[in-house]
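Input: a single structure, listed below in structure tokens.
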2 protein chains.
Amino acid sequence: MTDDSETLQTPTNAPATVEEFRERLAAITEDLPKRLRKCADHIAANTDRIAVSTVAELAAGADVPPSALMRFCQIMGFSGFSEMQKLFREAYAPGWPDYSTRLKNLKANRTGSPAALLAEFVEAGRLSLEALAKSVDEQVLDRAVATLSRADTIHVVGLRRAFPVASYLAYVFEKMAVPAMLHDGVGKLDHRFALRPGDAVLAITFAPYSEETLTLAADAHARGLPVIGLTDTLTSPLARLADAVVTVPEVDFGAFRSLSATIALAISLAVAVGSARE
Amino acid sequence: MTDDSETLQTPTNAPATVEEFRERLAAITEDLPKRLRKCADHIAANTDRIAVSTVAELAAGADVPPSALMRFCQIMGFSGFSEMQKLFREAYAPGWPDYSTRLKNLKANRTGSPAALLAEFVEAGRLSLEALAKSVDEQVLDRAVATLSRADTIHVVGLRRAFPVASYLAYVFEKMAVPAMLHDGVGKLDHRFALRPGDAVLAITFAPYSEETLTLAADAHARGLPVIGLTDTLTSPLARLADAVVTVPEVDFGAFRSLSATIALAISLAVAVGSARE
DNA sequence: CGCCGCTTGGAATAAATATTCCAAAAGTTG
DNA sequence: CAACTTTTGGAATATTTATTCCAAGCGGCG
């Protein structure tokens, strides 16, 4: 019954709530031309910035001309950007539950609830990252990068809980066109003979140290290949075998580590090696 | 010693943080003429709306003419309303805006010392974790856990950059004695027929979305099996296929994500499912 | 009670911002 | 490969919004 003779031009239903907005966005996104698709994605990833941005800013963020973003608003059912923004400005109720407040809320759930667990892991991850930033030994890091940069092929090995790190390293190396091989233990094939003179090993293991990882590192060491270790303490068995040992202090929660610090360290290493090789 | 011949007009120091703003406000409020006093009071009571309001709106709220509010801004040390608003707009969006700029600079400058890189990745990880804590939708999380807890076998799939997450999930599930199967794409075997009635799929993928992951999810969906998605935005193609979609805001470094937030979320999910099944 | 400095409101102006429109480019289809 | 449709970018325009400025108001003080 919208008899507004004024706004007759838009019988189309613009989303009235943020929920509706999201649904609509998800619904139309897939069959959208290239430019509009970029808008949709950027908007989806930055919904919370709509309230405080201008067309130009958002457009720049999405890397499209402003007019494209304008069209996007209209496709979403609004008369224009301003109308869309109005929705979000009104919904901008919650002030800003800053991080620590929000964390408390999450933890306030019954213990063992997903949200409470998440709060703990987030906290553990953050502490680990902070500890890492403080404790890292730059010289060891530099040496590790130098060694790996000189290697022909980098052999990455890490099993069990270190495997995610190893596989991410392999991914990053591949993306940066650094010759690397992931020793994944598939089929119990150990590929030990893939180690060639000129190569280097990057071994990752935490207590309880994985037998296979140590074996490969020892093997390489015995044959005079440089070994870089990524481990938890300097007393790790890797320390004796490795030419450079980078330690990472990871905070546990329950039986599991967040791996945040380890992965941050691993990517840094990989990216540094990647740039150094160019 | 501000020798800026440009901004000589304002040697006064405008508040640089919300904290400073509040202090200043409290300090000057009492000895202010009537109209300005009204501004101060209204602003103090509605600090959080500054970011999303116009001069006119705020002035109306304070029941003063716009020009009075303008004067108020200047007395607070800003050049005008816009500058004041900028403070709140930037403070609102969690550090993200100038962060991507900083990364660009870093890349451009080739200041790629490993330690510097590490600092950036640590920062990216921290921001991601904080953003995750702020943005996570508890209900979706609960639903995801409930669904997975009921499943006979959980099929975990995630390739390329999502693979580390998938493999860590597989590790945690194994440790907690939750029947789970990691679809790793080894040998291009897709194991699609391992999906049995009563099972559930936990799919992880980020843009650019991996074909194989989507295929498996679609397959499961078509056969009526519950699909839980772990992805970057709600516009992800996973969103259409999944019964519950958990999104993770992760800060990129070029092509590389820190994964911190994603892993934290993944473990929480896994541990919650593990406990729920006991 | 009339002068003077501080305060105020509003109209005028400047700046920023949104929005439209059209010509060119990119695809599509027969 | 030509005719046609859709998509795109950017310049032109309209609208909103911020900001300045000045004349009028107010209150204290001699």
Side-chain angles (χ1 to χ4, degrees), chain A residues 6-10 12 14-15 21 28-43 46 49-90 92, chain B residues 6-10 12 14-15 21 28-43 46 49-90 93 97 235:
Chain A
E6 291 259 27
T7 38
L8 185 64
Q9 34 174 355
T10 24
T12 28
F21 178 89
I28 65 169
T29 283
E30 49 191 331
D31 35 36
L32 230 44
K34 212 166 39 188
R35 254 339 93 94
L36 292 180
R37 180 72 200 264
K38 274 175 101 173
C39 292
D41 288 344
H42 183 253
I43 290 290
N46 299 66
R49 302 272 305 282
I50 297 177
V52 295
S53 302
T54 66
V55 174
E57 283 165 4
L58 284 173
D63 192 30
V64 298
S67 49
L69 214 149
M70 243 13 248
R71 261 191 294 270
F72 170 79
C73 298
Q74 285 160 358
I75 287 178
M76 283 293 289
F78 300 99
S79 71
F81 175 75
S82 301
E83 196 178 301
M84 181 170 110
Q85 190 173 54
K86 207 171 98 193
L87 172 63
F88 288 93
R89 288 197 164 171
E90 279 162 9
Y92 177 95
Chain B
E6 292 258 25
T7 38
L8 184 63
Q9 36 174 353
T10 24
T12 28
F21 177 89
I28 64 169
T29 284
E30 43 191 332
D31 34 38
L32 232 42
K34 209 164 45 184
R35 262 327 102 94
L36 293 181
R37 180 72 197 263
K38 273 175 102 172
C39 290
D41 290 344
H42 184 253
I43 289 289
N46 300 64
R49 296 222 64 88
I50 297 177
V52 294
S53 303
T54 67
V55 175
E57 284 165 5
L58 283 173
D63 192 31
V64 299
S67 48
L69 215 150
M70 250 1 255
R71 261 191 294 271
F72 170 79
C73 297
Q74 286 160 357
I75 287 178
M76 283 293 288
F78 300 99
S79 71
F81 175 75
S82 301
E83 197 178 300
M84 182 170 106
Q85 190 173 54
K86 206 169 98 193
L87 171 64
F88 288 92
R89 289 192 166 172
E90 278 166 8
T235 63

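Numbered from 1 within each chain, the chains take letters A, B, ... in sequence-line order. Here the structure is a predicted model, which is why all the values come from computation and not from measurement.
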Any salt bridge (Lys or Arg N to Asp or Glu O under 4.0 Å) pairs touching residues 65-80 of chain B, not counting sequence neighbours? none
Among all residues two or more places apart in sequence or in another chain, which pass the salt bridge (Lys or Arg N to Asp or Glu O under 4.0 Å) test with A:R37? A:D41
Among all residues two or more places apart in sequence or in another chain, which pass the side-chain hydrogen bond (donor to acceptor under 3.5 Å, both in side chains) test with B:E83? B:S79
Can you check whether A:F81 reaches A:L58 side chain to side chain, under 4.5 Å on heavy atoms? yes
Can you tell me how far P of D:dG10 sits from CG of A:L69, to the nearest Å? 15 Å
Sequence neighbours excluded, every pair satisfying salt bridge (Lys or Arg N to Asp or Glu O under 4.0 Å) that has a member inside residues 56-66 of chain A: A:K38-A:D63
Tell me which residues in residues 31-40 of chain B put a heavy atom below 4.0 Å from DNA chain C, sorted by number, or none. B:P33, B:K34, B:R35
Between P of D:dG10 and CG of A:D63, the distance in whole Å: 11 Å
Contact check, side chains of B:I50 and B:F21, non-hydrogen atoms, under 4.5 Å: yes
Calculate the interatomic distance between B:I75 atom CD1 and C:dC6 atom P; express it in whole Å. 13 Å
The test is side-chain contact (heavy atoms from CB on, under 4.5 Å); show your working for B:M84 and B:I43 and say whether it passes. CA-CA 12 Å; B:M84 182 170 106; B:I43 289 289; 4.2 Å; yes
Starting at the 5' end of nucleotides 12-26 of chain D, put B wherever the base has a protein heavy atom under 4.0 Å, S where only the sugar-phosphate does, and a dash everywhere else. -----SSSB------
I would like to know whether A:Q85 and A:V55 meet side-chain contact (heavy atoms from CB on, under 4.5 Å); could you show each step before the answer? CA-CA 10 Å; A:Q85 190 173 54; A:V55 174; over 6 Å; no
